[in-house]
Amino acid sequence: MQTLIAIALFVLVFLIYNFVNAAAGIAALLAVLAVFIWLKWPTILMLRGNSRYNKGDHAGGLALMEQAYKTGKLDSSMVVYYSYCLVRENQDDRATELLDEFIASGKGTKADICRAKHNKALILRNAGKTEEAFEVMKEVHADMPASDTFGTLGLIYLELADKNPELAEETESFLNEAYEYNSDDRTIACNLGDWNLRTGKLDEAESIYKNIVNHRQNSPTPYYSYARVLMEKGNYEDAEDMLNHALRYPFTGVTAIKREDVETALKTVEEKLAANKTDD
């Protein structure tokens, strides 16, 4: 609708410019541009915020996104994207407020609602409410299965299987299904690699992780996971290299592991290497 209005206004400006006079046409054009900017101001703020965020100014980017959201006129897909950025920056309380309001409103497409619920599941998982996150993600995945839902649900399956061995068969089946769906997805591949590591299939796990890290990643998770396999195989030198790689990347609110996990593993590896040198 806004596009049709814009076209109609520019046609009107053209007619005024050609059939009235140039000054009136320019004045009309300036008025149309002002109206256009006013209509698109939330989107403009959001795009500026996203640009800043992607350039590393996370605080400045989020501030502009918040201004866009507070206009009350932000497109629903952008609202969901903003909530994801908040989760990445560990601002789960604000993200929860925004998502609860958005989901309750019933606005947005089916895809927007599913992505919003997906983000809510990430927050629940971060808060240790794994069972609740599991139920939300099962609903989201049933409504709109995709690589990201396979990845997040698989990650939650792994956490639940740790506490409940009875879930082992279901977990393995789901992780293999996910891998068949999209073996190129990093999270999906890491999940299956993790399962293979836990179940003693070290060669299978190593094959998966080697394939992942052969392509540069922007997440610490695959490097850490590959290091764990190498540690199990007694290859501490390569494990140390992988762990140092992992520490070069950011740990966010959506990263599957924590910096402390990598630092603890690195300390263990360094101790093993030092002990081996002493033995020599």
Side-chain angles (χ1 to χ4, degrees), residues 76-77 79-199 208 212 219-222 224-225 251-258 261:
S76 59
S77 63
V79 171
V80 177
Y81 175 72
Y82 174 39
S83 73
Y84 180 76
C85 292
L86 288 169
V87 177
R88 276 183 56 88
E89 298 306 312
N90 295 299
Q91 296 189 30
D92 288 354
D93 289 344
R94 178 59 181 143
T96 297
E97 292 174 359
L98 187 152
L99 287 168
D100 286 346
E101 181 178 330
F102 177 75
I103 294 170
S105 73
K107 297 178 181 178
T109 64
K110 179 181 178 181
D112 290 333
I113 297 296
C114 283
R115 281 191 285 267
K117 290 180 178 178
H118 189 161
N119 292 348
K120 186 66 182 291
L122 294 174
I123 294 171
L124 291 169
R125 176 182 171 268
N126 288 346
K129 300 177 180 179
T130 315
E131 294 282 356
E132 291 182 46
F134 186 56
E135 293 304 319
V136 172
M137 277 311 305
K138 283 200 297 184
E139 177 188 336
V140 170
H141 184 67
D143 284 345
M144 191 166 288
S147 293
D148 58 347
T149 63
F150 267 113
T152 300
L153 187 52
L155 186 62
I156 297 173
Y157 258 116
L158 286 168
E159 293 178 357
L160 290 176
D162 272 344
K163 304 172 186 176
N164 184 3
E166 293 180 1
L167 270 178
E169 185 176 343
E170 183 179 336
T171 298
E172 183 167 3
S173 174
F174 181 83
L175 296 178
N176 279 309
E177 178 189 353
Y179 196 71
E180 289 175 10
Y181 180 84
N182 186 1
S183 60
D184 292 328
D185 183 87
R186 183 181 65 214
T187 304
I188 288 174
C190 279
N191 287 343
L192 183 59
D194 195 359
W195 181 256
N196 287 334
L197 171 60
R198 296 183 192 194
T199 54
I208 288 173
I212 297 173
S219 165
T221 304
Y224 168 73
S225 299
F251 293 78
T252 71
V254 296
T255 305
I257 60 172
K258 299 185 183 300
D261 298 328

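Hydrogens, waters and symmetry mates are skipped; everything else that's a heavy atom, side chains included, is used. Just so you know, residue 1 is the first one in the sequence shown, and it goes up from there.
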Contact between [X] and [Y] at the side-chain level, heavy atoms closer than 4.5 Å - yes or no?
X: Leu98; Y: Ser83; value: yes
X: Tyr179; Y: Asn191; value: no
X: Asp92; Y: Leu86; value: no
X: Leu160; Y: Thr171; value: no
X: Leu153; Y: Phe134; value: yes
X: Ile113; Y: Lys107; value: no

Test log, rule salt bridge (charged side-chain N to carboxylate O under 4.0 Å, His left out), inputs Asp112 and Arg115:
CA-CA 5 Å; Asp112 290 333; Arg115 281 191 285 267; 3.1 Å; yes
So how far is it from [X] [atom1] to [Y] [atom2], rounded to the nearest 0.5 Å?
X: Lys120; Y: Asp100; atom1: NZ; atom2: CG; result: 3.5 Å
X: Leu99; Y: Glu101; atom1: CG; atom2: CD; result: 10.0 Å
X: Leu197; Y: Leu192; atom1: CG; atom2: CG; result: 11.5 Å
X: Met137; Y: Phe150; atom1: CE; atom2: CZ; result: 10.5 Å
X: Tyr224; Y: Thr255; atom1: OH; atom2: OG1; result: 13.0 Å
X: Cys190; Y: Leu175; atom1: SG; atom2: CG; result: 12.0 Å

Determine, step by step, whether Thr130 and Lys163 satisfy the side-chain contact (heavy atoms from CB on, under 4.5 Å) criterion, reporting the C-alpha distance in whole Å, the side-chain angles of both residues, the deciding distance to 0.1 Å, and the verdict.
CA-CA 11 Å; Thr130 315; Lys163 304 172 186 176; 3.9 Å; yes
Take His118 and Thr152, measure what side chain to side chain donor-acceptor pair (under 3.5 Å) needs, and give me the verdict at the end.
CA-CA 8 Å; His118 189 161; Thr152 300; 2.7 Å; yes
Heavy-atom pair of closest approach, residues [X] and [Y]:
X: Ile212; Y: Pro222; result: CG2-CB, 3.6 Å
X: Ala116; Y: Val80; result: N-CG1, 3.8 Å
X: Asn126; Y: Gly253; result: ND2-O, 3.0 Å
X: Ser183; Y: Ala189; result: O-CB, 3.9 Å
X: Pro145; Y: Ala142; result: CD-O, 4.1 Å
X: Ala95; Y: Ile123; result: CB-CD1, 3.7 Å

For Asp143 and Lys117, run salt bridge (charged side-chain N to carboxylate O under 4.0 Å, His left out): C-alpha distance rounded to whole Å, both residues' side-chain angles, the deciding distance at 0.1 Å, then the answer.
CA-CA 11 Å; Asp143 284 345; Lys117 290 180 178 178; 5.2 Å; no
Does the side-chain contact (heavy atoms from CB on, under 4.5 Å) test come out yes or no for Arg198 and Asp162, once each step is laid out?
CA-CA 10 Å; Arg198 296 183 192 194; Asp162 272 344; 2.8 Å; yes
Indicate yes or no for a side-chain donor-acceptor contact from Thr199 to the backbone of Trp195 under 3.5 Å, with no hydrogens or angles considered.
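Yes: the side chain of Thr199 pairs with the backbone of Trp195.
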When you measure from the side chain of Asn176 to the backbone of Glu172, do you find a donor-acceptor pair of N or O atoms at a distance under 3.5 Å?
yes
Stepwise side-chain contact (heavy atoms from CB on, under 4.5 Å) test for Ser76 and Phe102:
CA-CA 8 Å; Ser76 59; Phe102 177 75; 3.5 Å; yes
Asn182-Ser147 side chain donor-acceptor pair, cut-off 3.5 Å:
yes
Is Glu132 paired with Arg125 through a side-chain N to carboxylate O contact shorter than 4.0 Å?
no
Dump the intermediate steps for ring-ring contact (aromatic ring centres under 6.0 Å, His included) on Phe174 and His141, then the final yes or no.
CA-CA 12 Å; Phe174 181 83; His141 184 67; 5.6 Å; yes
